[in-house]
Student: 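Below is one structure. I have some questions about it.
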Amino acid sequence: MRKLEQLNFDNTFARLPAAFHSRVNPTPLARPYLVSFNPAAASLIDLSAEESARDDFLHCFIGNRLLPSSDPLSMLYAGHQFGNFVSQLGDGRAILLGEVKNSSGEYWDVQLKGAGPTPYSRNGDGRAVLRSSIREYLCSEAMHGLGIPTTRALCIVGSDEEVYRETVESAAVVTRLAQSSVRFGSFEVFYHRGQHEQLAQLADYVIGRHFPHLLAVPDKYSRFLHEVVERTAQLMAQWQAAGFSHGVMNTDNMSILGLTIDYGPFGFMETYNPAYICNHSDHGGRYAYNQQPQVGLWNLSALAQALSPLVPEARAEELLDSYGDIYSEHYVKLMSGKLGLTYAGLEDYTVIEQLLKMMQTSQLDFTNTFRGLSQFKSACGEKNSVLRDQFVDRAEFDQWAELYRARLKAEPTADAERKECMDRVNPKYILRNYLAQAAISKAEKERDFSEIERLLVLLSRPFDEQPQMESYAAPAPEWARHIEVSCSS
Ligand code: AMP
Ligand code: MG
């Protein structure tokens, strides 16, 4: 484990030509204080946890001091925002300090979010508020705990400096780690500017860094697109199975590695509602929960268009056509797993769909219903009363239970063993909005960060029973049902 000054930077993205980024230093923030530090993420860059106690740590991760061998820059990209192409976006408030190569040879982007204006800030102030930084920090680690590909979060450092949103809030910087911060929009910007040489250079860079097995194949660009299609389809299936809504699936927020990136007004669904919209400025529901799989495809089409100078049109179409099946296969597999089925057949779709329909009618909690399902007793004559009583239409439940029971008969596993498997895929704990909100309120009002710590630990083991934390598995209490998460960040 290393000290701050010894982090092993090897800045491959910074070595790309100037067209790809803008060199920019973070803008200092006064009186930094530690909000939270995540030792699990620190180990990814070989950073010793003891370093978080140093003053230098605060100054480095709020952007007041530069780490030796870092090479700060903001990345250029474009993107389709709510369907409209915006020709230049770029990191308006994120600054990539560089890439750390760890002792296992992995590369991790180390990026400060909220570290001040960049050449891509447009009218923004380059800052992030404490509230949204806490949400991003907790959610990315919660997603990791759930086994969903995501950026990671190293720490939050706060400052007393004011940031103006709907109200006056305080500034914070969250340090994100990612194997790559390249987005679909990173390709779109060069395609739409007609800079095909840079487009190919970026594709070669990404393939070399992240898909090295494709370097020697003749149709490497098509194969690359194929892998992005697969990863995106898989990610969408994982989001759906976890009841997660991203909220702003613009192509500039789509990772080329299929990671969950750029957490904004995201939400974990509580009451099952397929039309759930977590972003309250998304009036048309473009990015509603049930739209995500098809938006994934829409975004991939935008990427395919950007790659059209490198991937023949017919091949791209074929790849996009394969998305639906890849998605469905992953989705059915994940959902069957949530029902404790060890293999997934097409007929299982009916069992899944019927259950979801009943959950919707009965307005049941998505997470807790699946978690509770592991109690299902498959013996004939078993009423499964605790589960059954949650549904408004008991006769309908009984019909479904018969179907499920019949399906379980074909399984090699007994009830107890199945329960164990189900509890490993159906989380007990998710980042419910009200839990995040409680941690935010304490942090904002009392400068008490203990709740952030508690959630970080809790959500790193979302599948484990943690008896002393039982109340954190409860759906939002009445007072918190209608909290609207501000979309400003
Ligand atoms: P998002 O959808 O939140 O990922 O952001 C869309 C674009 O707006 C990105 O280019 C961001 O860098 C930029 N942006 C968001 N907030 C700010 C801000 N406060 N200052 C500067 N740029 C911002
Ligand atoms: Mg973004």
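Given the structure is predicted, the values throughout are model-derived calculations rather than measurements. Remember, it's 1-based here, ligands and their atoms both numbered in the order they're listed. By convention here, the first residue in the shown sequence is residue 1.
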Student: If you draw the axis of the six-membered ring of Y33, does the NZ or CZ of R447 fall within 45° of it and under 6.0 Å from the ring centre?
Tutor: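 Relative to the ring axis of Y33, which defines the angle, R447 lies inside both limits.
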Student: Heavy-atom contact check, 4.0 Å cutoff: does N250 meet ligand 1?
Tutor: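 No heavy atom of N250 comes that close to ligand 1.
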Student: Identify the closest protein heavy atom to atom 19 (N) of ligand 1: which residue and atom is it, and at what distance?
Tutor: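 Ranked first by proximity to atom 19 (N) of ligand 1 is D125 OD1, 3.0 Å.
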Student: Any idea which heavy atoms bring L7 and V100 closest together, and the distance?
Tutor: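 Looking at all heavy atoms of both residues, the shortest contact is CB-CG2, 4.3 Å.
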Student: Considering only heavy atoms of R122, which atoms of ligand 1 have at least one such atom less than 4.0 Å away?
Tutor: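 So the atoms of ligand 1 that pass are 7 (C), 8 (O), 10 (O), 13 (C).
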Student: Could you list the atoms of ligand 1 found under 4.0 angstrom from a heavy atom of D262?
Tutor: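 Listed by number with element, the hits are 4 (O).
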Student: Provide, to 0.1 Å, the distance between atom 14 (N) of ligand 1 and the closest protein heavy atom, together with that atom's residue and name.
Tutor: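 The protein heavy atom lying closest is R93 NE, 4.2 Å.
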Student: Going by the atom numbers of ligand 1, which of them fall below 4.0 Å from some non-hydrogen atom of D91?
Tutor: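 Those qualifying, in numeric order: 12 (O).
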Student: Of all the non-hydrogen atoms in the protein, which one sits nearest to atom 2 (O) of ligand 1, and at what distance?
Tutor: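 Here the nearest protein heavy atom works out to N253 ND2, 3.3 Å.
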Student: To make sure I understand the geometry: which N, O or S atom in D262 is closest to the Mg ion (ligand 2)?
Tutor: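 Output for this pair reads OD2.
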Student: Check whether any N or O atom of D252, backbone or side chain, sits under 3.5 Å from an N or O atom of ligand 1, and answer yes or no.
Tutor: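 No: no nitrogen or oxygen of D252 is under 3.5 Å from one in ligand 1.
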Student: Using non-hydrogen atoms of the residue, decide whether G126 is closer than 4.0 angstrom to ligand 1.
Tutor: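 Yes, G126 has heavy atoms under 4.0 Å from ligand 1.
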Student: Could you pull out the closest heavy-atom pair between V163 and S170, with the gap in Å?
Tutor: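 Answer, listing the atom of V163 first, then S170: CG2-C, 4.2 Å.
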Student: Could you pull out the closest heavy-atom pair between G145 and P462, with the gap in Å?
Tutor: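 Answer, listing the atom of G145 first, then P462: O-CG, 3.5 Å.
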Student: If I take every N, O or S atom of N250, is at least one of them less than 2.8 Å from the Mg ion (ligand 2)?
Tutor: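 N250 does not place any N, O or S atom closer than 2.8 Å to the Mg ion (ligand 2).
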Student: Honestly, is R135 close enough over F266, meaning NZ or CZ under 6.0 Å from the six-membered ring centre and within 45° of the axis?
Tutor: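 Pair R135/F266 counts as cation-pi.
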Student: Does ligand 1 have any atom sitting under 4.0 Å from a heavy atom of R165?
Tutor: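 R165: in contact with ligand 1 (<4.0 Å).
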Student: Give the minimum heavy-atom separation between D46 and S103, together with the two atoms involved.
Tutor: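 Looking at all heavy atoms of both residues, the shortest contact is OD2-N, 2.7 Å.
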Student: Parallel, tilted or perpendicular: which fits the ring planes of Y287 and F82, with parallel below 30° and perpendicular above 60°?
Tutor: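 Aromatic pair Y287/F82 classed tilted.
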Student: Give me the residue, atom name and distance of the protein heavy atom closest to atom 9 (C) of ligand 1.
Tutor: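 Protein heavy atom at minimum distance: G90 O, 3.8 Å.
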Student: Please tell me whether F13 and H21 form a close aromatic pair, meaning their ring centres lie under 6.0 Å apart.
Tutor: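 Close enough - the centres of the two rings lie under 6.0 Å apart.
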Student: Evaluate F268 against N433 for side-chain contact (heavy atoms from CB on, under 4.5 Å), listing each step before the verdict.
Tutor: CA-CA 7 Å; F268 280 93; N433 262 340; over 6 Å; no
Student: Considering all heavy atoms of both residues, which atom of H59 and which atom of P32 are nearest to each other, and what is their separation?
Tutor: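 What the structure gives for the nearest pair is CE1-CG, 3.6 Å.
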Student: Identify the closest protein heavy atom to atom 21 (C) of ligand 1: which residue and atom is it, and at what distance?
Tutor: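 Going by distance alone, atom 21 (C) of ligand 1 is nearest to G92 O, 3.2 Å.
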Student: Under 2.8 Å from the Mg ion (ligand 2), is there an N/O/S atom belonging to D252?
Tutor: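 Short answer: no, not a single N, O or S atom is under the cut-off.
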Student: Indicate the ring-plane relationship of Y327 and Y323, choosing parallel, tilted or perpendicular according to the 30° and 60° boundaries.
Tutor: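 Rings of Y327 and Y323: parallel, as their planes differ by under 30°.
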Student: Give the atoms of ligand 1, by number and element, whose distance to some non-hydrogen atom of L89 is under 4.0 Å.
Tutor: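 That gives atoms 10 (O) of ligand 1.
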Student: Protein heavy atoms near atom 5 (O) of ligand 1, is at least one of them under 4.0 angstrom away?
Tutor: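 No, there is no protein heavy atom closer to it than 4.0 Å.
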Student: At a non-hydrogen distance cut-off of under 4.0 Å, which region of Q81 contacts ligand 1 (side chain, backbone, both, or neither)?
Tutor: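 Near ligand 1, Q81 shows its side chain, while the N, CA, C and O stay back.
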